[in-house]
Amino acid sequence: MTLWLAIVAVAAGSFAVKAAGPALLGDRELPWWSVGVIALLAPALLAGLIVVEMLGRRWADVDWVVLAALVAVVGARLARVPLLLAVLIGVLTAAGLRALTSGS
């Protein structure tokens, strides 16, 4: 029961924090400089999560197969391949390299 109470408390807190912005700002527009910061926040956080996931705990567990798959996805996107196809290329690259290296 304590776990569910904690889950409800965290959900209520999250809702309150998310609702505070529109409630406090109302119909006012944000300054021009903050719009740019907000637009760049999501890609920066995603890049940070990818780096942490790639390098593992304490940045010691580099998985070269995942790194090669990520390079394949980036290369495909730079070649203007659609996103879904680029992700599929990365998945196939990782699967192929895992299949080649699992026998040794």
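These numbers come from the heavy atoms of this one structure, side chains and all, not from hydrogens, waters or symmetry mates. Here the structure is a predicted model, which means the values were calculated and not measured.
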Report all side-chain donor-acceptor pairs from residues 64-92 shorter than 3.5 Å, counting only partners two or more places apart or in another chain.
residue, atom, partner, partner atom, Å
R77, NH1, V81, O, 2.7

> Is there any salt bridge (charged side-chain N to carboxylate O under 4.0 Å, His left out) pair reaching into residues 63-75, and which pairs are they, with sequence neighbours excluded?
Replying inline: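 Every pair satisfying salt bridge (charged side-chain N to carboxylate O under 4.0 Å, His left out) with a residue in residues 63-75: D63-R98.
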Return all side-chain donor-acceptor pairs below 3.5 angstrom for residues 28-42, not counting sequence neighbours, or 'none' if the list is empty.
residue, atom, partner, partner atom, Å
R28, NE, L25, O, 3.0
R28, NH2, L24, O, 2.6
S34, OG, P31, O, 2.8

> About how many Å separate OG1 of T101 and CG of L97, when rounded to the nearest 0.5 Å?
Replying inline: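 It comes to 7.0 Å.
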